[in-house]
Every structure is written in C-alpha cells, then in structure tokens.
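Data block below; observations after.
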Amino acid sequence: MLISRIVKLIDFMIQIRFPDGAVRSYEAGVSAFDIATSISEGLARKILVAEVNGEVWDISRPIQQDAALKLLTWDDTAGKSTFWHSSAHLLAEAVEQIFPGVKFWVGPAVDKGFYYDIDLGDHKISEEDLVMLQKKMSELAKQNNRFLRKEIPKSEAVGYFEEKGDEYKLDLLSGLEDGAITFYTQGSFTDLCRGPHIPHTGFIKAIQLTSIAGAYWKGDEKNKQLTRIYGVTFPNQKELDEYLLMLEEAKKRDHRKLGKELGIFTMDDDVGQGLPLWMPNGTIIIEELEKLAKETEQAAGYKRVVTPHIAKESMYLTSGHLPYYQDSMYPPMEIDGQKYYLKAMNCPHHHKIFAAEPRSYKDLPLRLAEYGTCYRYEQSGELFGLMRVRCLHMNDAHIYCTKEQFYEEFKAVNQMYLKYFEIFGIDKYVMRLSLHDPSKLGQKYVDEPELWKETEALVRDVLVRTNTPFVEVQDEAAFYGPKIDVQIWSAIGREFTLATNQVDFAQGRRFKLGFTSHDNKEETPLIIHRAPLGTHERFIGFLLEHYAGKFPLWLAPLQVKVLPISDKFLDYANSVVQQLKNADIRAEVDDRSEKIGKKIRDTELSKVPYMLIIGEKEMQDEMVSVRRQGKGDMGTVKAADFIASAKEEIKERRSV
Ligand SMILES: [Zn+2]
Ligand SMILES: [Zn+2]
C-alpha cells in the first residue's frame, strides 16, 4: 500500500535541470512561473518567458515531463523579442479599437522593436493617428491584461476569422495543420499566433510608435499594399528615453551622412547599387587598416596571398556554394564554353593554395591571409550604405592546422580580436558561440557527431580559459562547424555584428586537403575561418559612427592642418608642412586669405585632429601653436617637438 503510493508520487514528479547544472524535483504540471516563485518572488516578478528543452514557452504553460529550463527576462534576447512581439499584439488591439473592422496580416518582433502589417481599408494613416494609437496602447497596457493561450481545432479558427472577414488570417490558417493551432487573447483582441508571449500587458511601461511604411502583402508587389506600423517598447521609461537619445545621436553620426561630408565614399548609379567608390580620404583609412592587419598578422605568423576575383563553376560545386549559396552570388559569365562566377568568399581559393604543394605536419599550422575582394548579390531592398553592399573587402584568413594545434590557434585568433577591440576603444562586445543541433545532423549540419562534440568543447574551452564574455546559442552553427559571432557596440551603444570566427572540419574533406602526419598517415587539416576586422565596408561604416567622424590621429585622412595667421607667414607654414610630410605625417596648409577665426572653425568642422597656428612669434622661434580637435588650445611648442610627439601617437595608434 505504502509502496504503491510512493511509486505513484514518483510518477508525478519531474526533474527540472537549470542552466548551472542543478536539478530539482517538481510535480508534473508545474509552470515556469511556479518554479521561479519557488526560487524567489523577485525573480518571479521579472521573468517574461521560459526556455523549456530549447523551446521558448509562456511561463504559465504546464511542464509535464523532465526538462531543461532557463528562465528568461528582459536581459535575454528571447525575453526582449517576446516582449516586442507581445507589444505588436497590443498595437493590434489599439488599432482595432480605434479603427474597427480592419484586417491583420502578421506582427513580428524585429531587431529593435516590432511591427504589424495591417489592411486599414480606405483609411490613410497619419502621424496624428500614431500619437492616438500610442496613447491607446498605454491605456490598454495599464489594464494588465493576461495573454491567454488556447489550443483550438482548425474548423473553429476558420469560423472565427470567416466571421471577422479577415482573409489574411484565413490565408495563414490554410497553411497550418489541424491540431497545431493556437489563439491568444489579451483584453478585447484575439490573434492567431504560435506564441509565446509575456504574462500580461502590464510589463509594457514605455511605448513609442516610430514609423509608418507601406508593405506589399507577402512582400509581392503584385499584391495589395498593407500599412506597416513600427514601434518599440520598454519595461521602463528610462530605457525608452535613452533609446530615443541614442537614435538622435545616431542620426548625427549616420555613416552615409558623415561619409559624404568627410569625402570617405560615394555611390554612383552608373557604377551600380551597393558598389561603393572609395574616395581619397576613405582610401587612406583603408590603407591604414590594412597596414594594421598586415603588421598584426605578420607578427602572428600569417603568410599573405593574392587570388583572382573569379573562378570556374567546378570550384564552387566542390565547395558546395553551388547550388546552396547560388542566390547570393552574381550570375555566371560564359567564357570559352565554361561558366565563371565572381567570388563570394575567399575560402575556396585559399584551399587551392593549400592543395598546390604536398604538405606535412611540419608545414602546419599554415595561415593564409588576404584582404580579399568578394561580390555578393544582396537584394536591392537590403542594400544600406556601407553596411549592406555588393562588393566587399574582407580581412580574411584561413588557418590550416592539426587537431592538437587547434586550441592554441583558436586562442590566438581570439586574442587578436581582443587586441583590435582595445586599439579601437571597443569596450562592449559579446561573443556568441553558435552550436549545432544534434537532431539536424545530416541535414542542416555535417553528419559528424563526434567532431561536433570535440570542436564545440575546444572552442568553449578557449572562451572560458581566456575569460572572454560569451553566450551560447543552439542551432546557429555553420554547416561545417561551430562558430563565434562577434557583436560589438559603438560609442553610442548601437550594436553591430562584426564578423565570425569559424571552425571547419568539412571543407578540408570536400577539397581533399591532406597532410602527412607524424606517423606517415594522410590526414585532413582542421580549418579556421576568421575576419576580425570584418569587411572594410562594414568596419569603416561602424568606425564613422563610433568616432562620430573624429578619427584618432593614426587613422585620420588628414592628420595636421597648418594655419598661418596671414600670408606673411605662408613660407614658414609651408616649411612646417614639409617637415611633417618628411616625418610621414599627412599635413596641409590652409593658404586661403581668410581670417584665422574662420580657418579654425572650418578645420574643426572637417574633424582634423591637429591644427598648428602660426604667427609672428612662432615663426621667429621655430615654434607652432597647437590646437587639438575636441580639446582646444594645447600651448606653443617647438615644431620639431610637436612632430616627434605626433609620430609617437601615430606609431602607438593611440585612440585619443
Ligand atoms: Zn503572438
Ligand atoms: Zn572562409
């Protein structure tokens, strides 16, 4: 009797495993919210959603079986995106209350915020409408309405939207299987949605509807144009205020605006969309970055190579880029009966260099580096300044190594990233370790379960042992191995994805790359793909915003401007410029017959780091009067001393 009761009790207990490895028993049917409450009331108040065995759930959903559980808050990516997606429901509720009878398509979370695509019928939406909707949303949010989940049969769902006359939702439903349909209701609004959502609308404390755009239904211009309303929400007013301030600052620092003002790059319709032309000033920055990369890579034992911009179809069939990556490549050109493609990445060319000579373990690690030019066919709607382009120059390299060498090699690459962050004053960064999903081996991922386990552990080990901040994400690895996506934040707190650092145990085999091991066996090398400075396009776009166009001395296209107070001092000014040039410092004289005040103001605007002002006293004593961008007057010094200290500042690549 007692035993059977115990058995029954055990039957109803499930094991919940937490991210730190701790395991606790709960009764089956317990919710993530109950579990959070059992840990602390404070935590329970903060959690928005829960990851249950890798799937994101509403926190009220009962958990019936043993599970790995992660409680997610606003600080987690999935917490934020659920918050924003739930805000899209709130927007829809407000829209429906103000404009009854409208129809809804979809309302996803985006990078920063959310949108909803709506058919407003004959109504033309205005800025005033946005203000009204925003007010309505706040009002509804304060009602603390719960997001209630309901699983319903398809027929019932179809009936609901037929009655409502919403052909868009009916279209969505037609693609769904019976038995897998869920409705969510908050307040007066019900939506067809897979979820998950935050517990209730009361979490949404600060709301900003940001813009309106037209969006063709299903992205097809033959279809009706719907109204897309964008917004962003936060759990408190302070974060919204900071966000709006950041947006304002970002506008001033827009890389397209600064790029034009400072003569960095231009676009020309005759050249084509997404194909930036680098102006002389931009080219100086490119050359300085390449110099940094070359010095750093040389010290780290890399060898430089140069490869053509095109290759035959057969190589991309070997690499697997064809057919899988075909949509992102320019269409082929036919020459002598052969198809040639513009290269979309440098890896295959480098693999061919590895394969060009017999290799032994003594040649490894072999590190091949190239600032390679690649061409990618990005959709024209996706193109954006320097951030999304069709021609890119990549700080690329491939490291071929043995398994035993992998740890040290990967660590060195990682440290190279950190060194660069220091040089560019990038204080905030996160490395995302993207792992495979064992259930997708052989489909999304190369079917090598042991190699996956091994390389993932090695990469994690490097990050842990070097104290590098990182987060792990499941199911986002590359086809051929785990990777680290590097995210960095600019000085004003905007996030950029910089580059990836990837492990590859598949391409070596596809290209039949081999080396002779210690015991005379033929082995395949592991390959590390890395590009710490990303592409010139994206990185310089980032730097323009990060520095607000005020580049540190070593990177500034024009480093010193010499300003004579009048024409009387022009000869001496020219001789100072000559001395600067002799010291490899980029300098110019302002020989206009303008007042000195105007010369100073103009030079400030062009963001030149140093101004040297020259008058009677300076000329007599071979001195210069120094002004530093952003700091003002620095006093008068011997011209030779200024040159020596500027040279030092450039050599050390100091950030201020
Ligand atoms: Zn939803
Ligand atoms: Zn590569």
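Counting starts at 1 for both ligands and their atoms, in listed order. No hydrogens, no waters, no symmetry mates; every other heavy atom, side chains included, goes into these values.
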Check your understanding: Between R359 and E357, does at least one N-O distance fall below 4.0 Å, as a salt bridge requires?
Key -> yes
Review point. Just wondering, are more than 12 heavy atoms of other shown residues or ligands nearer than 6.0 Å to NZ in K403?
Key: no
Review point. Under 2.8 Å from the Zn ion (ligand 2), is there an N/O/S atom belonging to H350?
Key: no
**Study point:** salt bridge (charged side-chain N to carboxylate O under 4.0 Å, His left out) between K444 and D475, worked out
**Key:** CA-CA 9 Å; K444 195 174 165 188; D475 197 16; 3.2 Å; yes
Check your understanding: How many N, O or S atoms of the protein are nearer than 2.8 Å to the Zn ion (ligand 1)?
Key -> 4
Exercise for review: Decide if atom NZ of K154 counts as having more than 12 heavy atoms of other residues, nucleotides or ligands within a radius under 6.0 Å.
Suggested key: yes
Point to revise | 4.5 Å side-chain heavy-atom contact, Y407 and V462 | key: yes
Study note, to complete from the structure: At the Zn ion (ligand 2), ND1 of H529 and NE2 of H398 open up to roughly (10° bins) 100°
Check your understanding: Is R304 salt-bridged to E370, going by a charged N under 4.0 Å from an acidic O?
Key -> no
Practice item. Report the relative orientation of the aromatic rings in Y243 and F234; use parallel for angles under 30°, tilted for 30 to 60°, perpendicular for over 60°. Key: tilted
